[in-house]
Structures are given as structure tokens and as C-alpha cells.
Number of protein chains: 2
Amino acid sequence: MSSTEIAYEKKEHIMDIAEKLFAEYGYEAVSTRKLAADAQVNIAMISYYFGSKEDLYLAVIERRILSLRTATHIIDDKHMTHLDKLLHLVDMIIDRFFENRLFHQIMYREMGMSNRSKIFNFMMDKWLHNFNILKHIIEDGIQKKVFKKVDAGFTILTIIGTPRMYVQSDHMAQKIMNLKSLDEVYMLEMKNRLKNHLKDLITNHLSK
Amino acid sequence: MSSTEIAYEKKEHIMDIAEKLFAEYGYEAVSTRKLAADAQVNIAMISYYFGSKEDLYLAVIERRILSLRTATHIIDDKHMTHLDKLLHLVDMIIDRFFENRLFHQIMYREMGMSNRSKIFNFMMDKWLHNFNILKHIIEDGIQKKVFKKVDAGFTILTIIGTPRMYVQSDHMAQKIMNLKSLDEVYMLEMKNRLKNHLKDLITNHLSK
DNA sequence: CAAAATTAATCAATCGTTTAATTAATTAAC
DNA sequence: GTTAATTAATTAAACGATTGATTAATTTTG
């Protein structure tokens with residue numbers, strides 16, 4: 001293993017710990033000392049690797065944003081119905097929420113704040129692009145009369161808001177659902193229940 | 001006007017400014033100096049009136065919690081159908097979201113964090129109580145076969161998650177909806193659109 | 001040996017809070 | 001009703017603690 005690989009792993013390790021702490025306590029509430037202690041590195045390493053605490057924060061976010069692809073292969077598929085496309089996208093969205101729980105906690109908390117920096121406008125643009133894809137499918141379906149005349153904008157808020165509610169408010173959702181643990185088996189079960197619920201909901205909402 | 005009334009108004013004024021700042025930037029990001037400057041009072045007045053920054057934070061939250069009543073008159077109404085009860089409650093929930101936007105921003109952000117203090121357990125209990133009322137109506141409706149067999153827990157997450165998505169993510173929702181301003185007229189229109197959307201959604205979701 | 005990585009110690013700035021002094025308002029005494 | 005005593009409200013200044021960041025020295029690596 002080369003030194004650059006070790007440095008890379010160390011950087012990633014710091015980012016992993018940072019992501020966890022930022023998601024759990026929020027950016028301001030996490031001190032560089034607490035961060036360094038949890039990651040078991042010297043405080044100076046944060047500046048050394050990332051420049052500053054804020055740059056680390058942005059790096060943590062950027063790492064996840066880059067992994068968010070657009071599902072063009074679904075959107076452009078000529079053989080899928082409007083509803084099938086939508087249900088596939090719902091599936092993808094929920095998978096992403098569960099894959100990147102910590103990131104979503106950070107991101108949506110940030111979106112509720114007053115504009116913090118350029119990266120969030122970038123993040124916003126990325127998401128708005130995805131939202132507009134959903135919106136376009138719904139509106140196109142309405143125009144082609146395969147969907148009921150629903151409020152497309154708020155329908156998207158429901159599609160995003162439901163998994164967000166579950167993922168972002170861990171403790172709360174856990175109690176609503178009467179969950180006892182948060183282990184992987186439960187998580188998978190919950191994810192599937194969520195998918196079924198949302199797909200059912202959307203199907204009934206849009207079908208004539 | 002007596003001095004106690006002046007002191008009361010001054011306290012309320014500080015809490016108003018604090019609520020706005022906490023909602024906008026988060027608890028840690030708001031310094032007592034910024035707070036005092038915005039409220040145009042001396043920094044020491046925060047300790048003088050509230051004891052500490054955290055106590056002010058708790059006071060801001062407690063003020064709103066106390067105003068949250070339970071809608072027993074709807075729940076216990078013998079003449080209303082299950083669906084009517086639910087739709088009335090949805091109406092109430094959305095009204096509350098819009099009446100106390102700032103409070104809801106604070107509260108839900110807080111619920112995404114690791115437990116901060118006793119007041120949040122109290123807050124949690126209060127909300128869980130309300131959620132369980134909704135859940136009970138849905139489950140009772142299913143049992144009495146007036147509702148479809150839906151996932152009651154996730155249905156509640158949709159009912160709460162949709163208005164939360166709109167209220168908490170101002171900037172984002174604004175862009176999704178293609179809004180240009182956030183004035184009162186627009187707000188009222190949006191509130192009604194949200195109500196119609198959610199009531200429609202729930203009705204279709206639960207009706208056989 | 002040179003470059004990269006890591007450390008402990010320290011920096012100035014800001015944090016929440018408190019102090020001690022002053023002013024304003026209320027009550028008590030006459 | 002005026003004055004004196006008492007309490008409440010307000011202020012500027014300072015407190016120690018913690019913050020993010022940097023330094024200069026040291027160790028590790030290639």
C-alpha cells in the first residue's frame with residue numbers, strides 16, 4: 001500500500017467521521033477538536049488536508065453530490081409508461097435516501113437555512129433538475145390524459161417529503177413505527193414498506 | 001402602561017427576534033451578540049431575563065408548544081365519519097404549520113439532531129400523542145373496513161412530511177412551485193393548494 | 001537526504017456569561 | 001405632594017473558556 005493510498009484513506013476516514021458528526025449535531029455544534037478526537041487524528045490535520053473546517057464540510061458534501069447521477073436511461077425509455085417511469089424513480093429516490101442517510105440529513109437541514117455558500121446553490125440546482133424531471137413526467141402524463149389532473153408541484157413534495165420525514169427524523173419515525181432497534185434487517189424492511197406505501201399512494205393519486 | 005407590561009413586551013420582543021434567528025441560522029450559529037444587536041438590547045439582558053442563551057432557546061420553544069392544543073372535539077365527535085375526522089385534522093395540521101413556520105423549522109431541525117435536552121422529549125411526547133391519534137383513526141377505519149388496508153405509520157409520515165417539506169424548505173419549495181414572491185396572498189394560495197392536495201391524496205389513498 | 005506527515009504548543013478572535021456602576025421606576029415615609 | 005429609600009432595568013467593560021487556525025519542531029516515508 002502506497003503512502004498516497006494511506007493519505008487517501010486517512011482523508012476519507014476524517015470525512016466519514018465528519019459526515020457522521022455534522023449530520024448528528026450540525027455544522028456549528030461540531031468543534032474541530034471533537035472532530036479530531038473522534039477521528040483520532042491531530043487537529044492540525046484538518047487544515048493540512050482540507051484547508052479549513054468549512055472546506056472539510058464542503059468536501060464531505062461534494063463527495064456525495066458527485067455520486068448523484070441522473071436516471072436518463074429511465075426518463076428516455078420509450079417503452080415505459082408514465083406511471084412506470086415515476087415508480088422507478090420513486091424506487092431510486094428511496095434507495096438514495098437510505099444509502100446516504102447522513103448526507104441527506106445534512107443537506108436538507110442546510111436547505112432549511114439561509115443560503116450558506118456557493119456549493120448549496122450548486123446542490124440546489126442539481127436537485128431542482130431532478131425535481132423538474134419528476135414534474136415534467138407528471139405534467140406530461142396529465143396533458144396526455146393518462147394521469148388525473150393533480151397538483152404536480154405538491155405531488156413532488158409528497159414524494160420527497162415522505163422518505164425525508166422517515167430518514168431525517170430517526171428517533172421520531174422510530175417511535176411512530178414502534179420500532180425497537182435500528183439494525184440492518186429492520187432498515188431493509190422499513191425501506192420496502194416505505195417503497196410500497198409511496199408507490200401505492202402515487203399510483204392511486206395519479207390513476208384515473 | 002405599567003413597568004411589568006413593558007418588561008413583558010421587551011421579553012416577548014427578544015423572543016420574537018430569537019425565534020427568527022434560530023429558525024434561520026440554527027441555535028449554535030446565532031451568537032448572543034448578534035441576537036442582542038438585532039433585538040436592539042444589551043447583551044446582558046439575555047441573562048437578565050432568561051438566565052442563559054439555552055434558556056432563551058427553550059423559552060422560545062416552550063411558548064409555542066403551550067399553544068398546541070389537542071383536537072379532542074373532533075376526535076370524540078360521534079357524528080363524523082373516519083375520513084371526515086382525518087380531513088379535519090389535516091386541515092388543522094396545515095394551519096398550524098403555516099401559523100408557526102419559524103417554530104416548526106426549529107422543532108423539526110431539532111428532531112433530526114441527537115437528543116438535546118428534556119424539553120425535546122416533552123415536545124416529542126406531545127407530538128407523538130397527536131400522531132397516535134391520527135394513527136388510531138386510520139387503524140380503526142381499517143378495522144371497521146371503511147378504509148383500505150394501508151400502512152398507517154407511513155401514511156402519517158406522508159401527512160406530516162408533505163407540509164413539513166413545504167414549510168421547512170422555503171427556498172427550495174419556492175423554486176419547485178415557480179413562485180416569485182413570498183407575500184401573504186401567495187402564502188394563502190399555497191396553503192389552500194397544499195390542503196387540497198393532501199386531502200385529495202389521503203381520500204384516494206384510504207377510500208376503497 | 002528531501003518531502004510528506006504528524007505533533008504539541010500557541011495564536012488571535014469570538015464565545016456565553018458576569019460584574020460593578022449607573023439610571024429609571026416604584027414604594028414608603030412624612 | 002415631596003422626598004427618601006428600595007427595587008428594577010440598563011449599561012459598558014471585562015471574565016475565563018473555547019473556537020478555528022497556525023506555527024515551528026519532529027517523525028516518518030520514499
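Chain identifiers are assigned alphabetically (A, B, ...) following the order of the sequence lines, protein sequences preceding nucleic acid strands; residue numbering begins at 1 within each chain. Since this is a predicted model, take the numbers as computed values, not measurements. Quick note: numbers below take in every heavy atom, side chains included, and nothing from hydrogens, waters or symmetry partners.
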Requested in this report: Please determine if A/Asp16 and A/Lys20 form a salt bridge, counting it only when a charged side-chain N lies under 4.0 Å from a carboxylate O.
Outcome: no
Report task. Verify side chain to side chain donor-acceptor pair (under 3.5 Å) between B/His197 and B/Thr162, making sure each step is shown before the conclusion. Result -> CA-CA 10 Å; B/His197 162 74; B/Thr162 304; 5.0 Å; no
Review item, nucleotides 17-19 of chain C N/O atoms under 3.5 Å of protein N/O:
from   : atom 1 : to      : atom 2 : distance (Å)
C/dT17 : OP2    : B/Lys53 : N      : 2.7

Query raised in the report: Hey, what bend do you get for the helix from C/dC1-D/dG30 to C/dC30-D/dG1 if you fit axes on five pairs at each end, rounded to 10°?
Result: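 The helix from C/dC1-D/dG30 to C/dC30-D/dG1 shows an end-to-end axis angle of 10°.
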Take atom [atom1] of [X] and atom [atom2] of [N], then tell me their distance rounded to the nearest Å.
X: A/Lys11; N: C/dA5; atom1: NZ; atom2: P; value: 10 Å
X: A/Asp55; N: D/dT22; atom1: CG; atom2: P; value: 10 Å
X: A/Tyr49; N: D/dT22; atom1: OH; atom2: P; value: 17 Å
X: B/Glu28; N: D/dA17; atom1: CD; atom2: P; value: 21 Å
X: B/Met45; N: C/dG16; atom1: CE; atom2: P; value: 18 Å
X: B/Lys34; N: D/dT19; atom1: NZ; atom2: C1'; value: 20 Å
X: A/Leu21; N: D/dG20; atom1: CG; atom2: P; value: 12 Å

Requested in this report: State which residues pass side chain to side chain donor-acceptor pair (under 3.5 Å) with B/Lys53; sequence neighbours excluded, sorted by chain then number.
Outcome: none
Requested in this report: State which residues pass side chain to side chain donor-acceptor pair (under 3.5 Å) with B/Glu24; sequence neighbours excluded, sorted by chain then number.
Outcome: A/Ser114
Requested in this report: Please list, chain by chain and in numerical order, all residues satisfying salt bridge (charged side-chain N to carboxylate O under 4.0 Å, His left out) with B/Asp140, sequence neighbours excluded.
Outcome: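 Testing B/Asp140 for salt bridge (charged side-chain N to carboxylate O under 4.0 Å, His left out), a comparison that skips the adjacent residues, returns B/Lys144.
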Query raised in the report: Under the side-chain contact (heavy atoms from CB on, under 4.5 Å) test, which residues partner A/Asp200, sequence neighbours left out?
Result: A/Asn204
Query raised in the report: In this structure, are over 12 heavy atoms from other groups packed under 6.0 Å from A/His88 atom NE2?
Result: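 No, NE2 of A/His88 has 12 or fewer neighbouring heavy atoms, counting only those of other groups under 6.0 Å.
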Report task. Looking only at side-chain atoms of A/Ser31, point me to the closest of C/dG16, D/dA9, D/dT19. Result ->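 Of C/dG16, D/dA9, D/dT19, D/dT19 is nearest to the side chain of A/Ser31.
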Query raised in the report: B/Lys10 side chain N/O closer than 4.0 Å to the phosphate oxygens (OP1, OP2) of D/dT10?
Result: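 So the side chain of B/Lys10 is within the cut-off, an N or O lying under 4.0 Å from OP1 or OP2 of D/dT10.
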Query raised in the report: In terms of ring plane angle, is the pair B/Tyr166 and A/Phe154 parallel, tilted or perpendicular, where the classes change at 30° and 60°?
Result: tilted
Query - Geometric class of the B/Tyr27/B/Tyr57 ring pair [parallel <30°, tilted 30-60°, perpendicular >60°] - result: tilted
